[in-house]
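Just below is one structure, and these are the notes that go with it.
We're numbering straight along the sequence, starting at 1.
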Amino acid sequence: MPHSPFLLPALGAAVLLVTGLALLVPGTPASRPSPAAAAPPALPSLSPEAVAPGVPATAPAAAPSPPVPVPAVVPSAPAAASPAPSAAPSPEVMPSGIPAAGDGPAGDPALQAAFSRQHPSDLTAADAEQLGTLAGQVWLAETTGAGRERWPAYFTAPGSGAGRLYLYSDVRVQAVAARTAAGAADRARVDLLWVGTSPTGNYGDQRPATLTFVRTATGWEPVR
(Lines give C-alpha, C1' and ligand atoms only; values in the text may rest on other atoms or scores of the structure.)
Protein backbone atom coordinates (compact mmCIF):
# COMPACT_ATOMS: atom_id res chain seq x y z
CA MET A 1 0.00 0.00 0.00
CA PRO A 2 1.43 3.28 -0.91
CA HIS A 3 2.69 5.40 2.03
CA SER A 4 1.67 8.98 2.32
CA PRO A 5 4.67 11.25 2.43
CA PHE A 6 3.24 12.96 5.55
CA LEU A 7 2.69 9.78 7.64
CA LEU A 8 6.23 9.23 8.94
CA PRO A 9 6.83 12.72 10.17
CA ALA A 10 3.48 12.68 11.93
CA LEU A 11 4.33 9.43 13.73
CA GLY A 12 7.71 10.72 14.84
CA ALA A 13 6.17 13.82 16.27
CA ALA A 14 3.62 11.77 18.18
CA VAL A 15 6.31 9.53 19.71
CA LEU A 16 8.31 12.55 20.84
CA LEU A 17 5.21 14.08 22.38
CA VAL A 18 4.35 10.92 24.33
CA THR A 19 7.95 10.62 25.57
CA GLY A 20 8.01 14.23 26.73
CA LEU A 21 4.78 13.83 28.60
CA ALA A 22 6.10 10.71 30.31
CA LEU A 23 9.12 12.62 31.51
CA LEU A 24 6.99 15.39 32.95
CA VAL A 25 4.83 13.06 35.05
CA PRO A 26 6.15 13.12 38.79
CA GLY A 27 7.24 9.93 40.46
CA THR A 28 8.61 8.31 37.40
CA PRO A 29 12.08 6.83 37.78
CA ALA A 30 13.37 8.94 34.98
CA SER A 31 12.47 12.20 36.78
CA ARG A 32 14.19 11.26 40.16
CA PRO A 33 17.85 12.07 40.36
CA SER A 34 20.16 9.32 41.57
CA PRO A 35 21.79 9.59 44.98
CA ALA A 36 25.10 10.22 43.39
CA ALA A 37 23.66 13.06 41.32
CA ALA A 38 21.79 14.60 44.33
CA ALA A 39 24.90 14.80 46.63
CA PRO A 40 26.83 18.07 46.29
CA PRO A 41 30.27 17.75 44.89
CA ALA A 42 32.95 17.32 47.53
CA LEU A 43 35.34 20.22 47.95
CA PRO A 44 38.95 19.44 47.37
CA SER A 45 40.99 19.27 50.56
CA LEU A 46 43.72 21.81 50.95
CA SER A 47 47.15 20.62 51.92
CA PRO A 48 49.27 22.79 54.24
CA GLU A 49 51.31 23.82 51.23
CA ALA A 50 48.16 25.03 49.44
CA VAL A 51 47.07 27.40 52.20
CA ALA A 52 47.83 30.98 51.39
CA PRO A 53 50.63 32.55 53.43
CA GLY A 54 49.42 34.38 56.55
CA VAL A 55 46.21 32.29 56.77
CA PRO A 56 46.37 29.73 59.59
CA ALA A 57 45.60 26.19 58.52
CA THR A 58 43.57 25.61 61.64
CA ALA A 59 41.54 27.84 63.88
CA PRO A 60 43.73 29.65 66.44
CA ALA A 61 43.72 28.16 69.91
CA ALA A 62 41.86 30.08 72.55
CA ALA A 63 44.03 32.33 74.70
CA PRO A 64 44.81 30.79 78.13
CA SER A 65 42.62 32.12 80.90
CA PRO A 66 44.42 34.17 83.57
CA PRO A 67 45.40 32.22 86.70
CA VAL A 68 42.87 32.37 89.47
CA PRO A 69 44.52 34.03 92.51
CA VAL A 70 44.84 31.66 95.40
CA PRO A 71 44.29 33.30 98.79
CA ALA A 72 47.37 33.25 100.96
CA VAL A 73 47.19 30.77 103.76
CA VAL A 74 47.88 32.48 107.08
CA PRO A 75 49.69 30.06 109.38
CA SER A 76 47.81 29.49 112.54
CA ALA A 77 49.45 30.44 115.80
CA PRO A 78 51.35 27.55 117.33
CA ALA A 79 49.65 25.91 120.19
CA ALA A 80 50.90 27.08 123.51
CA ALA A 81 53.41 24.64 124.84
CA SER A 82 52.57 23.14 128.13
CA PRO A 83 54.79 24.52 130.88
CA ALA A 84 57.75 22.37 131.65
CA PRO A 85 57.82 20.93 135.11
CA SER A 86 59.64 23.32 137.38
CA ALA A 87 62.93 22.20 138.77
CA ALA A 88 63.41 21.73 142.44
CA PRO A 89 63.80 25.10 144.16
CA SER A 90 67.42 26.07 144.74
CA PRO A 91 68.56 27.10 148.18
CA GLU A 92 68.04 30.71 149.14
CA VAL A 93 71.03 32.72 148.03
CA MET A 94 72.59 35.25 150.36
CA PRO A 95 73.68 38.63 149.00
CA SER A 96 77.26 37.38 149.09
CA GLY A 97 76.38 34.40 146.90
CA ILE A 98 76.68 31.82 149.67
CA PRO A 99 73.59 29.58 149.82
CA ALA A 100 71.93 30.24 153.16
CA ALA A 101 70.79 26.62 153.47
CA GLY A 102 73.91 25.23 151.84
CA ASP A 103 77.26 26.60 152.97
CA GLY A 104 76.00 28.71 155.89
CA PRO A 105 78.33 28.14 158.82
CA ALA A 106 80.17 25.54 156.74
CA GLY A 107 81.47 28.36 154.52
CA ASP A 108 82.85 30.38 157.43
CA PRO A 109 86.29 28.69 157.57
CA ALA A 110 87.02 29.61 153.94
CA LEU A 111 85.76 33.14 154.57
CA GLN A 112 87.93 33.40 157.70
CA ALA A 113 91.02 32.30 155.78
CA ALA A 114 90.45 34.90 153.07
CA PHE A 115 89.71 37.61 155.63
CA SER A 116 92.90 36.85 157.56
CA ARG A 117 94.97 37.21 154.38
CA GLN A 118 93.38 40.61 153.73
CA HIS A 119 93.94 41.76 157.36
CA PRO A 120 97.27 40.33 158.55
CA SER A 121 97.78 40.53 162.32
CA ASP A 122 100.81 41.99 164.13
CA LEU A 123 99.74 40.56 167.50
CA THR A 124 100.84 37.37 169.10
CA ALA A 125 98.82 34.31 168.17
CA ALA A 126 97.43 34.11 171.74
CA ASP A 127 96.31 37.76 171.75
CA ALA A 128 94.85 37.51 168.24
CA GLU A 129 92.84 34.42 169.19
CA GLN A 130 91.63 35.91 172.50
CA LEU A 131 90.60 39.18 170.84
CA GLY A 132 88.80 37.32 168.08
CA THR A 133 86.71 35.32 170.55
CA LEU A 134 86.02 38.34 172.73
CA ALA A 135 85.00 40.51 169.74
CA GLY A 136 82.47 37.91 168.63
CA GLN A 137 80.86 37.84 172.09
CA VAL A 138 80.71 41.61 172.37
CA TRP A 139 79.19 41.93 168.93
CA LEU A 140 76.47 39.39 169.71
CA ALA A 141 75.55 41.45 172.77
CA GLU A 142 75.61 44.60 170.65
CA THR A 143 73.27 43.27 167.96
CA THR A 144 70.97 40.98 169.92
CA GLY A 145 70.98 42.59 173.40
CA ALA A 146 71.85 39.29 175.07
CA GLY A 147 74.88 39.34 177.43
CA ARG A 148 75.27 43.09 177.72
CA GLU A 149 75.44 42.83 181.50
CA ARG A 150 78.92 41.36 181.13
CA TRP A 151 80.25 44.75 179.96
CA PRO A 152 78.10 47.29 181.76
CA ALA A 153 80.54 50.18 181.26
CA TYR A 154 80.63 49.53 177.54
CA PHE A 155 76.85 49.33 177.04
CA THR A 156 75.94 52.20 179.35
CA ALA A 157 78.43 54.60 177.78
CA PRO A 158 76.98 57.53 175.81
CA GLY A 159 76.08 56.47 172.29
CA SER A 160 76.17 52.78 173.16
CA GLY A 161 72.51 52.26 172.21
CA ALA A 162 72.00 49.94 175.16
CA GLY A 163 68.30 50.74 175.39
CA ARG A 164 67.47 50.45 171.69
CA LEU A 165 64.91 47.94 170.54
CA TYR A 166 66.32 47.68 167.02
CA LEU A 167 67.88 44.26 167.55
CA TYR A 168 68.85 41.49 165.14
CA SER A 169 68.16 37.77 165.16
CA ASP A 170 70.09 34.76 163.87
CA VAL A 171 73.35 36.65 164.33
CA ARG A 172 76.57 34.81 163.60
CA VAL A 173 80.13 36.13 163.35
CA GLN A 174 81.71 34.75 160.22
CA ALA A 175 85.27 36.05 160.36
CA VAL A 176 87.48 38.20 162.60
CA ALA A 177 90.90 39.78 162.26
CA ALA A 178 92.75 41.57 165.10
CA ARG A 179 95.78 43.86 164.98
CA THR A 180 97.27 46.66 167.04
CA ALA A 181 95.57 50.04 166.81
CA ALA A 182 97.93 52.82 165.70
CA GLY A 183 100.89 50.59 166.60
CA ALA A 184 100.10 50.64 170.32
CA ALA A 185 100.72 47.29 172.00
CA ASP A 186 97.98 47.90 174.60
CA ARG A 187 95.29 48.86 172.12
CA ALA A 188 93.79 46.62 169.45
CA ARG A 189 91.36 46.93 166.59
CA VAL A 190 89.20 43.96 165.60
CA ASP A 191 87.48 43.89 162.20
CA LEU A 192 84.79 41.30 161.67
CA LEU A 193 82.14 40.06 159.24
CA TRP A 194 78.79 38.94 160.54
CA VAL A 195 75.40 37.72 159.38
CA GLY A 196 71.93 38.40 160.77
CA THR A 197 68.30 39.30 160.13
CA SER A 198 67.03 42.76 160.96
CA PRO A 199 63.70 43.36 162.77
CA THR A 200 62.18 44.22 159.37
CA GLY A 201 63.17 40.81 157.99
CA ASN A 202 66.16 41.88 155.88
CA TYR A 203 68.75 39.14 155.86
CA GLY A 204 72.36 39.83 155.00
CA ASP A 205 75.75 38.28 155.43
CA GLN A 206 79.33 39.55 155.42
CA ARG A 207 78.23 42.73 157.16
CA PRO A 208 81.37 44.59 158.30
CA ALA A 209 81.93 45.89 161.84
CA THR A 210 84.88 47.17 163.87
CA LEU A 211 85.48 47.01 167.64
CA THR A 212 88.24 48.57 169.73
CA PHE A 213 89.83 46.96 172.80
CA VAL A 214 92.35 48.11 175.40
CA ARG A 215 94.53 45.98 177.59
CA THR A 216 93.76 46.34 181.29
CA ALA A 217 94.96 44.62 184.46
CA THR A 218 92.19 42.08 184.06
CA GLY A 219 92.61 41.56 180.34
CA TRP A 220 91.18 43.07 177.12
CA GLU A 221 88.11 45.26 177.48
CA PRO A 222 85.92 46.80 174.76
CA VAL A 223 85.86 50.61 174.56
CA ARG A 224 83.92 53.09 172.49
Side-chain angles (χ1 to χ4, degrees), residues 85-224:
S86 58
S90 58
E92 179 185 358
V93 178
M94 295 182 180
S96 66
I98 300 176
D103 290 348
D108 291 349
L111 186 60
Q112 175 65 67
F115 197 64
S116 297
R117 288 193 298 269
Q118 295 173 357
H119 302 80
S121 177
D122 57 356
L123 295 168
T124 63
D127 282 340
E129 181 179 0
Q130 182 183 3
L131 284 167
T133 302
L134 188 58
Q137 295 170 349
V138 172
W139 190 248
L140 286 175
E142 175 79 24
T143 54
T144 65
R148 289 184 176 183
E149 66 279 0
R150 182 177 173 184
W151 301 278
Y154 180 78
F155 287 106
T156 58
S160 64
R164 68 183 181 182
L165 299 178
Y166 192 78
L167 301 176
Y168 286 74
S169 60
D170 304 322
V171 177
R172 184 180 80 254
V173 175
Q174 297 174 288
V176 294
R179 58 177 294 110
T180 59
D186 60 349
R187 192 176 183 90
R189 166 180 170 162
V190 180
D191 296 304
L192 57 86
L193 298 176
W194 63 286
V195 59
T197 304
S198 71
T200 59
N202 293 325
Y203 181 87
D205 70 340
Q206 298 191 28
R207 300 174 184 265
T210 300
L211 298 176
T212 302
F213 292 84
V214 295
R215 192 193 301 269
T216 67
T218 58
W220 293 98
E221 292 290 335
V223 295
R224 298 284 177 182

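- Across all non-hydrogen atoms, the minimal contact from Ser121 to Ala128 is OG-CB, 4.0 Å.
- Interatomic distance, Asp205 CG to Thr197 OG1, rounded to the nearest 0.5 Å: 10.5 Å.
- With respect to Pro222, the side-chain contact (heavy atoms from CB on, under 4.5 Å) criterion is satisfied by exactly one of Leu211, Val138, Val214: Val138.
- Here Leu134 contributes atom CG and Arg150 contributes atom CZ; the two are 6.0 Å apart, rounded to the nearest 0.5 Å.
- Summarising the geometry of Trp194 relative to Pro208, their closest heavy-atom pair is NE1-O, 3.9 Å, with the distance given to 0.1 Å.
- The side-chain contact (heavy atoms from CB on, under 4.5 Å) check on Arg189 picks up Ala181, Asp191, Thr210, with sequence neighbours excluded.
- In this structure a side-chain-to-backbone donor-acceptor pair under 3.5 Å is missing from Gln206 to Leu193.
- Residues meeting the salt bridge (charged side-chain N to carboxylate O under 4.0 Å, His left out) test with Asp186, sequence neighbours left out: none.
- Note: Leu131 CG to Thr180 OG1 = 10.5 Å, rounded to the nearest 0.5 Å.
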> Yes or no on side chain to side chain contact (heavy atoms under 4.5 Å, CB included) for Phe213 and Asp127, after CA distance, side-chain angles and deciding distance?
Replying inline: CA-CA 11 Å; Phe213 292 84; Asp127 282 340; over 6 Å; no
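- Taking all atoms of both residues into account, the shortest heavy-atom contact from Val195 to Gly204 is CG2-O, 3.1 Å.
- The CD atom of Gln112 lies 10.0 Å from the CD atom of Gln174; values are rounded to the nearest 0.5 Å.
- With rounding to the nearest 0.5 Å, the separation of CH2 in Trp151 from CD in Glu142 is 11.0 Å.
- Of all the heavy atoms in Val173 and Gly136, the pair that sits closest is CG2-CA, 3.8 Å.
- Closest approach of Pro120 to Arg179, counting heavy atoms only: O-NH1, 2.7 Å.
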>> Walk me through whether Val190 and Trp220 qualify under side chain to side chain contact (heavy atoms under 4.5 Å, CB included).
In response: CA-CA 12 Å; Val190 180; Trp220 293 98; over 6 Å; no
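- When every heavy atom of Tyr168 is checked against every heavy atom of Gly196, the shortest pair comes out as CD2-C, 4.2 Å.
- Side chain of Arg148 to backbone of Ala141: a donor-acceptor contact under 3.5 angstrom is found.
- For the atom pair CZ of Arg172 and CH2 of Trp139, the computed distance is 15.5 Å after rounding to the nearest 0.5 Å.
- Judged purely by atom type and a 3.5 angstrom limit, Thr212 has no side-chain atom pairing as donor or acceptor with the backbone of Val223.
- Residue Glu129 qualifies as open at atom CD: its count of foreign heavy atoms under 6.0 Å is 12 or below.
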